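We name chains A, B, ... by the order of the sequence lines, and we start the count at 1 in each one. Keep in mind that this is a model prediction, so the values were computed, not measured. These values consider heavy atoms only, across backbone and side chains, with no hydrogens, waters or symmetry-generated copies.
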Amino acid sequence: MDFEAIRSYLPLYWDALGLTVRIGWQGVALALALGVLCAVTLHLRLPVLRRLVAGYIELFRNTPLLVQLFFLYFALPKIGLRMSPAVCGVLGLGLLCGAYMAETIRSGLESIPPIQTESAQSLGMTRMQVFCHVILPQAVSRSVPGLVANVIFLLKETSVFSTVSLMDLMFTAKDLIGMYAKTMECLTLLVVFYLIMLLPVSVLGSLLERRLRHAEFGP
Amino acid sequence: MRSLGLDVLFKGKNFLRLLGGLWVAVRISLISVVISIALGLVMGMLMTGKNRVLKAVFRVYLEIVRIMPQMVLLFVVYFGTTRVFGWDLSPEASAIAVFSFWGTAEMGDLVRGALIGIPRIQYESAEALGMTTAQVYLQVILPQAVRRLIPLSINLITRMIKTTSLVMMIGMVEVLKVAQQIIEANRKASPNAAFGLFAVVLLMYFAICWPISRLASYLEKRWA
């Protein structure tokens, strides 16, 4: 191990981590928004939109992110839609993971027994009130384990961004290996930085899960 | 549509080459899935056992697999271990090693979940009938667990196939790489070929994964 080299690489890795996290969280935000919209559309059985949403979910769940990114970044400019690598990254992640989020939230919504809706209605709540105050809060707390898994999956998937020339962790490692051939050092740093990024998310996720389960079932 | 690369798609052997690339991806994932299922069954059974040390080791293993991107694992195995141990790994062997490593963890966790889902009374009744541990597992528990496992392992196949698109990063020529080569070769004659070809690759993945995941959800509903 060449620790001198590792020290000189560190700033580059921190920059890359910053970029990965930034794009990752923008992707998560987009995915969550899309996921909730799609899940609600499916749940309320909106006539035409439902078909569109179902098609979108199937398409994005059954193709790899790498291919989707290639399509967004290399193919769309040919028909006049040009986007920067960062926009491509956020959009690709958001669209991919939005489909997964939608599935998770939808199954959360479906797991709420109909008696909840019926009771709320018999209390004189409107359809909107029932959905916002009774069904959604319960569904969200049931979906949390799945949502956390999705967030981790999404942050992991950022590793394919290097292919559309975003300077993320993977790109930095590949670049440094290409220039200085210190394979061991670069790969060790790569692993360590992914741990720095994802271990806290994983730990926080399981704490959150425990807290919510406590809220649902009591101590 | 001429300008969008559909002419290039059917020029010469291009389409066959793409299909060949797709087969590479499917072959790697099938081999890895078979290995993962075999090892995952063993791992799942061990995880429900009583050995504390073994359980802790598996927890760490699961967490590593959960956190590390498959691309990083591919790089570590293909570029890292070859450097450290001096052995010579082909990209295909590294890919199969990594995907099996990943798949075994996933499968092990699924098996554990399925085994825990089987009521305790099944184990106890089988033991009360004087069956040995091997008999209990082979003749009572596994046949019931398999029913819940089949849809989940079919899902694992589609995830494997999707993840194999990463092997182009360690220099394997699979469908995405073939598409890139075709686009490069026809840069002058058909500058917009990227659109048609990448769209076709996207649809090829969809055409493979979609029926498989439909089958999985059908079985899940039917056997639930």
Side-chain angles (χ1 to χ4, degrees), chain A residues 20 58-81 96 103 148-149 152-153 155-163 168-170 173-174 177 181-188 190-203 205-206, chain B residues 3-5 25 63-84 155 158-159 161-169 174-176 179-180 183 190-214 217:
Chain A
T20 313
E58 291 294 337
L59 180 64
F60 276 82
R61 275 172 62 95
N62 288 302
T63 46
L65 178 61
L66 188 59
V67 181
Q68 292 164 10
L69 273 185
F70 266 57
F71 189 78
L72 287 177
Y73 190 65
F74 297 111
L76 285 186
K78 304 292 180 196
I79 56 166
L81 266 172
L96 170 84
E103 274 294 291
V148 171
I152 292 176
F153 164 74
L155 290 175
K156 268 164 68 171
E157 288 284 307
T158 55
S159 58
V160 305
F161 282 169
S162 52
T163 51
D168 73 332
L169 287 169
M170 207 66 218
K174 259 195 310 200
I177 292 174
K182 296 210 181 295
T183 314
M184 268 302 294
E185 287 80 357
C186 290
L187 288 178
T188 312
L190 182 64
V191 170
V192 169
F193 270 80
Y194 268 108
L195 282 179
I196 294 178
M197 179 163 84
L198 287 171
L199 210 50
V201 180
S202 174
V203 171
S206 31
Chain B
S3 59
L4 289 178
E63 195 64 7
I64 291 175
V65 171
R66 211 160 89 104
I67 285 184
M68 276 299 129
Q70 285 90 12
M71 181 104 104
V72 174
L73 295 176
L74 275 177
F75 266 61
V76 168
V77 170
Y78 186 62
F79 296 112
T81 63
T82 44
R83 193 67 179 261
V84 176
N155 264 332
T158 68
R159 286 167 62 202
I161 293 175
K162 283 185 285 174
T163 318
T164 44
S165 59
L166 298 181
V167 296
M168 73 171 280
M169 306 303 293
E174 48 71 79
V175 56
L176 201 55
Q180 261 184 334
I183 291 163
S190 177
N192 287 337
F195 186 82
L197 278 161
F198 286 138
V200 166
V201 172
L202 197 71
L203 289 179
M204 278 178 162
Y205 269 106
F206 184 70
I208 289 197
C209 293
W210 192 59
I212 303 180
S213 65
R214 293 302 296 192
S217 57

Proximity breakdown for [X] and chain B, heavy-atom pairs closer than 4.5 Å:
{"X": "T158(A)", "result": "neither"}
{"X": "L59(A)", "result": "both"}
{"X": "T188(A)", "result": "neither"}
{"X": "L155(A)", "result": "neither"}
{"X": "L195(A)", "result": "both"}

Could you measure the distance from the [atom1] atom of [X] to the [atom2] atom of [Y]? Nearest 0.5 Å is fine.
{"X": "Q180(B)", "Y": "T163(A)", "atom1": "CD", "atom2": "OG1", "result": "9.0 Å"}
{"X": "F206(B)", "Y": "T63(A)", "atom1": "CZ", "atom2": "OG1", "result": "8.0 Å"}
{"X": "E157(A)", "Y": "Q70(B)", "atom1": "CD", "atom2": "CD", "result": "7.0 Å"}
{"X": "L187(A)", "Y": "F75(B)", "atom1": "CG", "atom2": "CZ", "result": "8.0 Å"}
{"X": "T81(B)", "Y": "M184(A)", "atom1": "OG1", "atom2": "CE", "result": "10.5 Å"}
{"X": "Q68(A)", "Y": "S165(B)", "atom1": "CD", "atom2": "OG", "result": "9.5 Å"}

*Do N62(A) and T158(B) have side-chain atoms, one donor and one acceptor, less than 3.5 Å apart?*
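Judged by distance alone, the side chains do not pair up.
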*Is a side-chain donor-acceptor pair under 3.5 Å present for R66(B) with S202(A)?*
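The criterion, which ignores hydrogens and geometry beyond distance, is satisfied for R66(B) and S202(A).
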_With a 4.5 angstrom heavy-atom cut-off, is it the side chain or the backbone of L166(B) that approaches chain A, or both, or neither?_
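It is both, since atoms from each part get that close.
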_Taking side chain as everything from C-beta outward and backbone as N, CA, C, O, which of these in M169(B) sits under 4.5 Å from a heavy atom of chain A? Side chain, backbone, both or neither._
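Interface part for M169(B): side chain.
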*Decide if the gap between the ring center of F198(B) and the ring center of F70(A) is smaller than 6.0 angstrom.*
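Yes - the distance between ring centres of F198(B) and F70(A) falls below the 6.0 Å cut-off.
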*Measure from the ring center of F74(A) to the ring center of F195(B) and say whether it is less than 6.0 Å.*
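When the ring centroids of F74(A) and F195(B) are compared, they turn out to be at least 6.0 Å apart.
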*asked:* Just so I understand: if I count every heavy-atom pair under 4.5 Å between each of I177(A), V191(A), I152(A) and chain B, which residue has the most?
replied: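 Counting heavy-atom pairs under 4.5 Å, the top option is V191(A).
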*asked:* Any side-chain to backbone donor/acceptor pair from K162(B) onto L66(A)? Under 3.5 Å, distance only.
replied: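 No; zero donor-acceptor contacts below 3.5 Å.
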